[in-house]
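To start, the structure itself, in structure tokens.
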Amino acid sequence: MRIDVITIFPGYLAPLREALLGRAIGAGLVDLAVHDLRSWTRDVHQAVDDSPYGGGPGMVMRPQVWGEALDAVLALDERPARIVVPTPAGRPFTQATAQAWTGEERLVFACGRYEGIDQRVVDDARRRDLPVDEVSIGDYVLVGGEVAVLVMVEAVVRLLPGVLGNPASAQQDSFSDGLLEGPAYTRPEVWRGLAVPEVLRSGNHAKIARWRRDRALERTAQRRPDLLAALPEDALDDADRAF
Ligand SMILES: NC(=S)c1ccno1
């Protein structure tokens, strides 16, 4: 997978070259390129924004600069790309989104700042039949899209084959089966008077699996009843329903 990020703060994306993601790049599983949007400005001030039509606070990012930047970056590689625009006004980015994007050959992230990017940039891409997703990582407003890109790239790249040491980890993630993960424990057996649940030390794998499933159902019901309600009809078996 090739990942391109267009931003006015390239340094914000430095963490993508650390740790697991850095190793994925080093292993050739991911190609990452970060581009400074100001490279496509033509004025001495390298202006990337302007006042909003209709008035109102803040500034809007100029379509000319973004249009040239996206055209240039897309032309760097012939692989088909999905353009992703992080915005609080976007559709929710979920584990399912991350899973779906693992099938993409290329992701091009457009990091907006200020009051966002002139809407015509997205409209122009869509009318050229380029896949564009305006997505939000949560119902809050950040200063720019860069932090959201760090979140989304990590969520996607960790799912790529060969990235995680143990692929089973991804299959047992929260949300992978529609539920939140239950509690986890490691040594020591007792810590500050708190003992590891006995069932986890029993060696009885069937009982352990049932206990873990019950804890996941319990936690999901308590913290995210919306996830339970969204489960497909056949997602819960009789033992789950008995819980
Ligand atoms: N919630 C998201 S993705 C965002 C982007 C910019 N500000 O908030």
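In each ligand, atom 1 is the first atom listed, and ligand 1 is the first ligand listed.
For Gly112, the heavy-atom gap to ligand 1 stays at 4.0 angstrom or more.
Distances below 4.0 Å separate heavy atoms of Ile137 from the following atoms of ligand 1: 3 (S). In summary, the atoms of ligand 1 found under 4.0 Å from a heavy atom of Ser136, numbered by their order in the structure, are 1 (N), 2 (C), 3 (S). Each of the following atoms of ligand 1 lies closer than 4.0 Å to a heavy atom of Gly138: 1 (N). Heavy-atom contacts of Tyr140 reach the following atoms of ligand 1: 1 (N), 8 (O) (cutoff under 4.0 Å).
Contact record, Leu20 with Val163: CD1-O, 3.6 Å, taken as the closest heavy-atom pair.
A cation-pi arrangement is found for Arg215 relative to Trp211, the charged atom lying closer than 6.0 Å to the ring centre and inside a 45° cone about the ring normal.
The part of Thr87 lying near ligand 1 is the backbone, judged by heavy-atom distances below 4.0 Å.
Linking Ile, Leu, Val, Met, Phe, Trp and Tyr residues whenever their side-chain heavy atoms come within less than 4.5 Å leaves Val151 and Leu159 in two separate clusters. A continuous path of Ile, Leu, Val, Met, Phe, Trp and Tyr side chains, each step under 4.5 Å between heavy atoms, connects Leu37 with Phe9, placing both in one hydrophobic cluster.
In this structure, Trp101 and Phe93 have tilted ring planes: the angle between them lies in the 30° to 60° band.
Scanning the protein heavy atoms around atom 7 (N) of ligand 1, the nearest turns out to be Leu142 N, 2.9 Å. For atom 4 (C) of ligand 1, the nearest protein heavy atom (residue, atom name, distance) is Pro88 CD, 3.5 Å.
Arg158 places no side-chain N or O within donor-acceptor distance of the main-chain N or O of Leu164, the cut-off being under 3.5 Å.
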